[in-house]
Structures are given as structure tokens and as C-alpha cells.
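Here is the structure we will look at.
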Amino acid sequence: MKPLNSPLEIGVRALVLLSESHPEALDLAQLALLDHAVLHSEEFDGPPSLHPDLPARSGELGLKRTVLEQALLVLIRAGLAELDADGTGLVYRATERGPGFVDILEAPYVLRLRERAEWAFHQWAPDTDVRATTRSLLAAHPSSFEGHRG
């Protein structure tokens, strides 16, 4: 099993994001973009990035969805997240057990991840158009985030 960007690692990051938004649900596009913003927060005028800035990082957003879907299935099977349908489509949310599970994780990386998830969800995301920002990132122009209105 590959440890980096595996369903397990991405699942932990997704659970941290879903726990931060709890009880609000997030769709796959929101989760993928929030995960990217958490990892590369400095690019979005946030705290120092968790992962280094690599030249091909804009491409990772496009590849992330497949592994993110696998990771969400792991969380659902573990009873930490659930899938629901709303007026916009399929959405994911942490179950009541999800935030409690995140609370017992004490690794320094997880603590930094939680800080950035709080920043991303409460400060960055409210002023961000998910589709426009994703298009901008996928167009390989990482310095112009047209979807951020703040």
C-alpha cells in the first residue's frame, strides 16, 4: 500500500474536513478543493502549506477525485461519514462519530491539518466559488485564483 495520497491518508484529511463542517454536508467538488486548499494553504493567502509546492501540483487536483471517492467509501464503511442526496446531488457528511474520532488523533500532522481545515472552511471557503477556482487550478495557472472573491 502506498502511504502518500492513499485512500487512508486522503480519508483522514476528508474526515477532518467533514468534521470541521459538521453537521453541514459537502459534495465531492467541495471536498477536493478544500483538501487542495488545506495542503497548499499558503497559495491561498492562508497559513503555511502542509505540503511542498511542486511544479505539477495543479494536476493533483484532477487525480484526487478518484482516490477521494475511495477514501469516502472507507469512511462510510467505518461509520465515520455518510452519503446523502440533496437538491444539488450527492453530498457527504461526518456522522456523530466522525468528529470524536478526529479528536483522538494526536499526531502533529493531524493537528496542523485541523488548523488549516478550520481556516479553509471558515475563512477561505465562504468567499470561494468552487467551480471557478477548480477551473482556474486545472487550467494550470496556480497564481490566478479567479474563483476567490475575498
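One-based numbering along the sequence shown.
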Can you tell me if [X] uses its side chain to pair, donor with acceptor, with the backbone of [Y] under 3.5 Å?
| X | Y | answer |
| --- | --- | --- |
| Ser136 | Ala132 | no |
| Glu118 | Glu115 | no |
| Arg116 | Pro48 | yes |

Nearest-0.5 Å distance that lies between atom CD in Gln123 and atom OG1 in Thr128: 11.5 Å
Atom pair NE2/CG of His40 and Leu137 - distance to nearest 0.5 Å: 9.0 Å
Please say yes or no: joined through hydrophobic side-chain contacts below 4.5 Å, possibly via intermediate residues, are [X] and [Y] part of one cluster?
| X | Y | answer |
| --- | --- | --- |
| Ile104 | Val102 | yes |
| Val91 | Leu18 | no |
| Val74 | Leu26 | no |
| Ile76 | Val16 | yes |
| Tyr109 | Ile10 | yes |

Which atoms form the tightest heavy-atom contact between [X] and [Y], and what is the distance?
| X | Y | result |
| --- | --- | --- |
| Val38 | Ala120 | CG2-CB, 3.9 Å |
| Gly98 | Leu15 | CA-CD1, 3.9 Å |
| Pro126 | Phe121 | CD-O, 3.3 Å |
| Ser41 | Pro47 | OG-O, 2.7 Å |

Please collect all side-chain hydrogen bond (donor to acceptor under 3.5 Å, both in side chains) contacts where either partner lies in residues 68-85, sequence neighbours excluded, each pair once. Asp84-Arg93
Qualifying side-chain hydrogen bond (donor to acceptor under 3.5 Å, both in side chains) pairs, either residue in residues 15-26, two or more places apart: Glu20-His122, His22-Glu96
Can you label the angle between the Phe44 ring and the His36 ring as parallel, tilted or perpendicular, going by 30° and 60°? perpendicular
Is the shortest side-chain heavy-atom distance between [X] and [Y] below 4.5 Å?
| X | Y | value |
| --- | --- | --- |
| Leu90 | Leu83 | yes |
| Leu31 | Leu17 | yes |
| Phe101 | Thr95 | no |
| Leu72 | Leu28 | yes |
| Tyr92 | Leu68 | no |
| Leu34 | Arg13 | no |

Lys/Arg N to Asp/Glu carboxylate O, Asp35 vs Arg65, below 4.0 Å: no
